[in-house]
Amino acid sequence: MVKVLFNQKIFNTKKTFKLYIKNIIYNHIGITSSIKDNYNNYFDEIIQLFKRHPDFKNKTKTLKDIEIIQNTQNKNAFGMNIINNDNTITPISWVT
């Protein structure tokens, strides 16, 4: 069984970890143009999540903020975008 360590919490499976993150994104934050301004208490946790992304350094090198949007291909899903210092958008998968 694969355990996941995240922010000093241990999750017994990848599935329970994914459900934990999904609960934060869908039930505590929701669609927002700015996690930093509107849900600052979750901002650092989302950054910690992004550190697990294989392209973290490249995608976040000019990160200013993060937005959550409705996925255009799946209306029941949320997507995340990094808002860069120059206000351009870099999509990032919270699942990856």
Side-chain angles (χ1 to χ4, degrees):
M1 185 180 303
V2 176
K3 294 189 182 223
V4 177
L5 176 63
F6 178 74
N7 272 359
Q8 301 177 350
K9 296 177 187 125
I10 296 173
F11 298 88
N12 289 325
T13 65
K14 289 181 181 181
K15 182 179 179 179
T16 58
F17 172 64
K18 183 178 178 182
L19 289 172
Y20 169 78
I21 295 298
K22 188 174 183 177
N23 181 53
I24 290 172
I25 294 169
Y26 284 72
N27 298 321
H28 293 272
I29 302 174
I31 294 174
T32 184
S33 61
S34 173
I35 292 178
K36 193 177 213 177
D37 290 343
N38 300 323
Y39 299 92
N40 192 272
N41 53 321
Y42 291 109
F43 187 76
D44 289 336
E45 194 157 23
I46 298 299
I47 296 296
Q48 291 303 312
L49 173 67
F50 287 171
K51 286 182 179 180
R52 302 173 63 85
H53 194 284
D55 201 17
F56 166 75
K57 286 184 181 181
N58 186 48
K59 284 189 174 268
T60 62
K61 62 186 172 193
T62 61
L63 181 145
K64 175 174 77 172
D65 203 346
I66 304 160
E67 69 178 354
I68 298 177
I69 60 168
Q70 189 169 35
N71 185 310
T72 55
Q73 296 174 346
N74 178 355
K75 297 295 181 188
N76 295 321
F78 290 170
M80 284 192 169
N81 288 325
I82 292 169
I83 302 170
N84 299 300
N85 290 328
D86 63 359
N87 290 324
T88 58
I89 301 289
T90 302
I92 189 165
S93 170
W94 66 268
V95 176
T96 302

| said: Under 4.5 Å between side-chain heavy atoms, counting indirect links through other Ile/Leu/Val/Met/Phe/Trp/Tyr residues: same cluster for Phe11 and Leu19 or not? | reply: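 In one cluster with Phe11: Leu19, no.
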| query | Any chain of hydrophobic side-chain contacts (each under 4.5 Å) joining Phe43 to Ile69? | reply |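 Phe43 does not cluster with Ile69.
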| said: Treating Asn84 as the side-chain partner and Asp86 as the backbone partner, does any N or O pair qualify as donor plus acceptor under 3.5 Å? | reply: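 No, because the side chain of Asn84 does not come within donor-acceptor range (under 3.5 Å) of the backbone of Asp86.
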| query | Backbone N or O of Ser93 within a donor-acceptor pair of the Thr96 side chain at under 3.5 Å? | reply |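 Answer holds: no.
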Sequence neighbours excluded, which residues qualify as side-chain contact (heavy atoms from CB on, under 4.5 Å) partners of [X]?
{"X": "Thr32", "answer": "Ile29, Ile35, Asn38, Tyr39, Ile68"}
{"X": "Ile10", "answer": "Lys3, Leu5"}
{"X": "Lys61", "answer": "Asn58"}

| request: Name all residues meeting the salt bridge (Lys or Arg N to Asp or Glu O under 4.0 Å) criterion together with Lys75; count only those two or more places apart in sequence or in a different chain, and write none if there are none. | output: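 Expected list: none.
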| request: List the steps, then state whether side-chain contact (heavy atoms from CB on, under 4.5 Å) holds for Ile82 with Glu67. | output: CA-CA 6 Å; Ile82 292 169; Glu67 69 178 354; over 6 Å; no
Using side-chain hydrogen bond (donor to acceptor under 3.5 Å, both in side chains) as the criterion, list what pairs up with [X], not counting sequence neighbours.
{"X": "Asn41", "answer": "none"}
{"X": "Asn87", "answer": "Lys64"}
{"X": "Asp44", "answer": "none"}
{"X": "Tyr20", "answer": "Lys9, Glu45"}

| field | Those residues that, when tested against Tyr42, pass ring-ring contact (aromatic ring centres under 6.0 Å, His included) (two or more places apart) | value |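 Scan of Tyr42 (ring-ring contact (aromatic ring centres under 6.0 Å, His included), adjacent residues dropped) gives His28.
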Quick one: are [X] and [Y] in side-chain contact, heavy atoms under 4.5 Å?
{"X": "Ile83", "Y": "Ile89", "value": "yes"}
{"X": "Thr90", "Y": "Asn81", "value": "no"}
{"X": "Leu63", "Y": "Asp65", "value": "no"}

| field | Inter- and intrachain pairs under ring-ring contact (aromatic ring centres under 6.0 Å, His included), touching residues 73-96, at least two apart | value |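 Residue pairs with at least one partner in residues 73-96: Tyr26-Phe78.
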Ignoring hydrogens and angles, write down the donor-acceptor pairs under 3.5 Å from the side chains of residues 48-56, residues two or more places apart or on other chains.
unit_1: His53; atom_1: ND1; unit_2: Asp55; atom_2: N; d: 3.0

| task | Keeping to residues at least two apart or across chains, list the salt bridge (charged side-chain N to carboxylate O under 4.0 Å, His left out) pairs with something in residues 15-28. | result |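 Residue pairs with at least one partner in residues 15-28: there are none.
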| task | State the CD1-CD1 distance between Ile66 and Ile92, to the nearest 0.5 angstrom. | result |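 These two atoms lie 8.0 Å from each other.
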